[in-house]
Chemist: 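Take this structure, written in structure tokens, and hold onto it; I'll ask about it next.
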Number of protein chains: 2
Amino acid sequence: MRNEFGEYVRQARERLRKRDAGFSVRKLAERVGLEPSYLSKIERGLQAPPSAEKIALLAEKLGDDPDVLLALAGKVSDDLLEVIRKRPALFGRIIRELRDLPDHAVLRVVREVRDGEW
Amino acid sequence: MRNEFGEYVRQARERLRKRDAGFSVRKLAERVGLEPSYLSKIERGLQAPPSAEKIALLAEKLGDDPDVLLALAGKVSDDLLEVIRKRPALFGRIIRELRDLPDHAVLRVVREVRDGEW
DNA sequence: TGTAGCGTGTAGTATACACTCTACACATGA
DNA sequence: TCATGTGTAGAGTGTATACTACACGCTACA
């Protein structure tokens, strides 16, 4: 597996760092609750991504979408899993049904559900 | 955590066993590729549910919906995770949008997607 | 020139996961 | 009575996950 996650975090962090010195490895690590050396290794792909909890924090601090960051780590947000686990047959069906649709079509479904009276 | 998974498996197995002697703990375990004592403990809740792979096999042998059995084990099928990981922002949105709808409404969406031209 | 902050290398750890192996007591049927 | 099948008990194992602790060398700057 390539190091998409680490590279992404490093880029996001360094971009922010140009304007804010609080985005050094050490400072960010501390704000997320990790050892700096651990975060450093994660960014360079010498360590697998951290737990979902830490990834969510990381996304928050970096101003990123947690779902996207989790996906880069090969994970899925627990609240989504919860939804599926509660009604597995139903959500299994709908997700597989939507799987092959292009983005714009799925978005149309999102909008219809949000706006319509269901 | 209660032992929903184990109880469910035991019930399904014993139901089938009335008609087919191939559904003893030993025989089923062998067909799924597990040690009988392990399966026995799983059924009685002394062991956590097995891996997703084994659960899928178990569902197959028992004639059950793998999504449902996985959910009882607190897991989600990997092919569904894959769908979400590929387009995390999009599927995050739609799943959360559908979360609070009642079954019949979600089913209507399923049908609309399946039949309609999207 | 000291000291503060920086990224990073090496080593180690605690916990959970997903099992296996062997052996036992009991029941049934030939 | 002997073989076969049954469920189960107890102990142990290998691997992955998710980290921490600490030390090193570099750079900026006061």
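Values in this document were obtained by computation on a predicted structure and should not be read as measured data. Residue numbering restarts at 1 for every chain, and letters A, B, ... go by the order of the sequence lines.
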Chemist: C/dG7 P sits how many Å from A/Glu14 CD, rounded?
Modeler: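 Roughly 9 Å, once rounded to whole Å.
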Chemist: Sort out for me which residue in B/Asp67, B/Leu69, B/Leu62 forms a side-chain contact (heavy atoms from CB on, under 4.5 Å) with B/Asp65.
Modeler: B/Asp67
Chemist: With a 4.5 Å cut-off on side-chain heavy atoms, are B/Leu107 and A/Arg93 touching?
Modeler: yes
Chemist: Rounding to an integer number of Å, can you tell me how far B/Leu34 CG sits from C/dC17 P?
Modeler: 17 Å
Chemist: When the distance from CG of B/Leu46 to P of D/dT8 is rounded to whole Å, what number comes out?
Modeler: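 Atom CG in B/Leu46 sits about 9 Å away from atom P in D/dT8.
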Chemist: So which nucleotide from C/dT8, C/dT20, D/dG7 ends up closest to the side chain of B/Glu35?
Modeler: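 Nearest listed nucleotide: C/dT20.
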Chemist: Check whether any side-chain nitrogen or oxygen of B/Ser51 sits under 4.0 Å from OP1 or OP2 of C/dC19, and answer yes or no.
Modeler: yes
Chemist: For C/dG7 and A/Arg17 - does any side-chain N or O of the residue sit under 4.0 Å from the phosphate oxygens OP1/OP2?
Modeler: yes
Chemist: For a salt bridge (charged side-chain N to carboxylate O under 4.0 Å, His left out) check, start with the C-alpha distance between B/Arg17 and B/Glu14, then their side-chain angles and the critical distance, and finish with the verdict.
Modeler: CA-CA 5 Å; B/Arg17 212 201 164 180; B/Glu14 293 194 329; over 6 Å; no
Chemist: Please evaluate the base of D/dG10 for a donor-acceptor partner in the side chain of B/Lys41 within a cut-off of under 3.5 Å?
Modeler: yes
Chemist: Can you measure B/Leu39 atom CG to C/dA18 atom P for me and round it to whole angstrom units?
Modeler: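 In whole Å, C/dA18 P lies 15 Å from B/Leu39 CG.
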Chemist: For D/dA18 and A/Lys75 - does any side-chain N or O of the residue sit under 4.0 Å from the phosphate oxygens OP1/OP2?
Modeler: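 So the side chain of A/Lys75 is within the cut-off, an N or O lying under 4.0 Å from OP1 or OP2 of D/dA18.
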Chemist: Please determine whether a side-chain nitrogen of the Lys or Arg among B/Arg10 and B/Glu7 lies less than 4.0 Å from a carboxylate oxygen of the Asp or Glu.
Modeler: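 Not counted as a salt bridge, because no side-chain N and carboxylate O are separated by less than 4.0 Å.
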Chemist: Rounded to the Å, how far apart are B/Tyr38 OH and D/dG12 P?
Modeler: 19 Å
Chemist: Rounding to an integer number of Å, can you tell me how far A/Leu28 CG sits from C/dG7 P?
Modeler: 10 Å
Chemist: Where the side chain of B/Ser24 is defined as all heavy atoms beyond and including C-beta, which of D/dG7, D/dC19, C/dC19 is the nearest nucleotide?
Modeler: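 Selected nucleotide: D/dG7.
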Chemist: Specify the separation, in whole Å, of atom CD of A/Gln47 and atom C1' of D/dA21.
Modeler: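 After rounding, the gap between these two atoms is 14 Å.
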Chemist: Can you find a side chain N or O atom of A/Arg44 that sits less than 4.0 Å from OP1 or OP2 on C/dG9?
Modeler: yes
Chemist: Between A/Arg26 and B/Arg13, who's closer to the 5' end of DNA chain D by nearest nucleotide?
Modeler: B/Arg13
Chemist: Could you see if A/Leu101 belongs to whatever hydrophobic cluster contains A/Leu90? Use Ile, Leu, Val, Met, Phe, Trp, Tyr and a side-chain cutoff under 4.5 Å.
Modeler: yes
Chemist: Classify B/Ser37 by what it touches in the nucleic acid, base, sugar-phosphate, or nothing, heavy-atom distance under 4.0 Å.
Modeler: base
Chemist: Between D/dG5 atom P and B/Glu30 atom CD, what is the distance in whole Å?
Modeler: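 Going from B/Glu30 (CD) to D/dG5 (P), I get 11 Å.
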